[in-house]
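Letters A, B, ... mirror the listed sequences (proteins, then strands); counts begin at 1. Fair warning: this is a prediction, and the values are worked out from it, not measured in the lab.
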Amino acid sequence: MSAAEAPDYRRQSPAVAERFRQLKQRPVVLTVDRLTRRFSRPDGSEVTALENLSFVAHRREFLCILGPSGCGKSTLLRLLAGLDQPTSGRVLLDDREVSEPGPERGVVFQGYTLFPWLTVKQNVMFGLKIGGSGNDQADAEARQWLELVGLAKFADSYPSQLSGGMKQRVAIARALANNPRILLMDEPFGALDAQTRAQMQRHLLQIWRNVDITVLFITHDLDEALYLADRILVLKANPGRLDELIEVPVPRPRRPEQFGSPEFLAAKAHIEELIHPKIAPPTDSLPFIRFTQVGDDVE
Amino acid sequence: MLSRTKRDPWFAILRPLSGRRGTLLYVVSFLLPLAAWSAVSYLPFLWHPMVCVTEPGGVSWFKPGLLVERTAFEKENARALEAGKTAASGRRANPVFLPAPHEVARALYTAFTTKPVLRGDVWLHESLWRSVQTIFWGFLLSSVVGIPLGILCGSYAVWSRVSEPVIDFIRYMPAPAFGALAVAVLGISDAPKIAIIFIGTFFQQVLVVANTIRRVDPSLLEAAQTLGARGRRLVTKVIVPAKISELYTDTRILLGWAWTYLIVAEVVGVSSGITYFINQQAKYRNFDNVYAAIVIIGLLGLGTDQFLAFVGRRLFPWENPRPSRLRTFFVRLFAGREVLLFPGSSEEEAKA
């Protein structure tokens, strides 16, 4: 479906418009204020990974960050998590400036990062015990979180015994157990196969609806972003900067059938155009060299 | 059989062997040198450069049981025949320092039952016990200081910078070089021997442990930080547990090093322990006992290592979770299924 035939992605049904009106009235949890991060290369030159990025996330919002590789998605997440310091600009969580990692910002990494020497339950208890909870209390809470992500049966397994999707569910439970204000997710389902990924997306929406949490979800998968997000922050590369902030016009609760709905396709067509401009620059095409006989064209 | 060989070949790159083949090769790796040793000992045409005199004949200096080189034996016999005397007879034999396997096997038993020759000499088991004690204390002292210091060096750049250069420097000094010094400072009892083992292992241990610690996965540290851990707790709750099983393996390997320093340590000051036994037996030319003692050292080392490996598998269950294969199979089986978190709410969703 081309952009010309598609309905305007900005047109929202009354229900969706009402949703966004309510969303914007909720308090702001995360403020990103003119955030810039430059890295210096060994040869002395500088690369700007992220330039002058500003946005806010409201309470219980699901915000996706979408962009091509090299647009500074992961740099942004590391800055938000406090694992890296910005060159300029600020990150505010509930009006307090972020300067180091902390339990009020849960992070789920693409590489699972579960502690292999702890059982599934002990992994979930890790943050609670660091935070000063007693053993019994941490144990009880960890069990509840494992129940929430559907892994109560695997409480005493080790991470190495779990599949990728299950590991990522443990990682989500571990992050949520600290009662964070915001959940930062860095392409969490990127390493999973398509089926598991779809299943995990459904699970995540369900978890999100049942927990008071703001989710900031980084992905390069357009369908994933459209399926999950309230709003999508599209980034441009070199240097990484804001391209457009899109309100997803697809109503909630989301279902896989909506992948074919007109609103979905309209938004998809628009973002696709943002990410992949129609006319590819000439440097991007391969030279015409052929190693095969003329006359056996396959394309 | 042919089709099986085709399915999994013996020589396959980076592929583990089946359990039966593994056990078989384990035995073969011991049998091969034993077979070579037996061949040299029992096949007279392979080596046997000496002759063991059985009948001295007319050669004045030959005695029954004397070992003579073959050329010398033939020359003497030729001379005796020329002088009209009877020729000596003998059988071909290996030099005294190469006893046959069965002699060493016998010595493995008799060495324990033979009374010490001299007053002040000790029984074999006493020698062994003394050696084991020397190793134990030397290695324990080294580990008690070396492992924590190594963990600090691996975790904090400050500790690494202030201690590793000088440790690297001392590490290149051979431990036996400190022998005379150790005796002068610590006397002639067991203390200097323990000190040599300490010197031999400690400096290596700090560097090995620090290197292992430094290889900790940084993403685990970042994850722990986002969960609220910081400072010293990152070391005790993340770095050390993440590397504990590798540290255990390092320690096992270093214990092997400590055994190699044992022989040097035991000749420092007054010779003692298994080394003293070996030296005494070599003096009496009881080479079967010498070999027996060396084999016992090997068996002790191998036994300790296998025991520690066995203990390690139980100490670190996440390395090889049991019952691994079956459990993983079931876990994977369930992973493919849809797990409904809130069956009620998802029905609502379907209706909506």
message: For A:Glu100, which atoms come within 4.5 Å of any heavy atom of chain B: side chain, backbone, both, or neither?
response: side chain
statement: So, the part of A:Leu114 with a heavy atom under 4.5 Å from chain B: the answer is backbone
message: Pair A:Phe126, B:Val238 - check side chain to side chain contact (heavy atoms under 4.5 Å, CB included), show working.
response: CA-CA 10 Å; A:Phe126 184 89; B:Val238 184; 3.8 Å; yes
Largest heavy-atom contact set with chain B, pairs under 4.5 Å, which of A:Thr113, A:Ile130, A:Leu128, A:Leu118: A:Ile130
message: For the interface with chain B, which of A:Ala81, A:Pro180, A:Gly82, A:Pro101 has the highest count of heavy-atom pairs at distances below 4.5 Å?
response: A:Pro101
message: Surrounding CD of A:Glu97 (heavy atoms of other residues, nucleotides or ligands, distance under 6.0 Å), is the total greater than 12?
response: yes
task: Select one option (side chain, backbone, both, neither) describing which atoms of A:Arg252 are under 4.5 Å from chain B's heavy atoms.
output: neither
- request: Give, for atom CZ of A:Phe109 and atom CD of B:Glu222, the distance between the pair rounded to the nearest 0.5 Å.
  value: 5.5 Å
task: With rounding to the nearest 0.5 Å, note down the distance linking OG1 in A:Thr119 to CH2 in B:Trp318.
output: 11.0 Å
statement: ring-ring contact (aromatic ring centres under 6.0 Å, His included) filter on A:Phe259, not counting sequence neighbours, yields A:Tyr227, A:Phe264
- prompt: In terms of heavy-atom contacts, does NZ of B:Lys243 have more than 12 from other residues, nucleotides or ligands at under 6.0 Å?
  reply: yes
query: Checking side chain to side chain contact (heavy atoms under 4.5 Å, CB included) for the pair A:Trp117/B:Val240: CA distance, chi angles, key distance, verdict?
result: CA-CA 11 Å; A:Trp117 62 93; B:Val240 172; over 6 Å; no
query: Is the count of non-hydrogen atoms from other residues, nucleotides or ligands lying under 6.0 Å from A:Arg60 atom CZ greater than 12?
result: yes
A:Arg105 side-chain N/O to B:Leu227 backbone N/O, donor-acceptor pair under 3.5 Å: no
B:Trp259 CH2: over 12 foreign heavy atoms closer than 6.0 Å: yes
task: Select, from A:Gly131, A:Gly127, A:Pro103, the one with the greatest count of heavy-atom pairs under 4.5 Å involving chain B.
output: A:Pro103
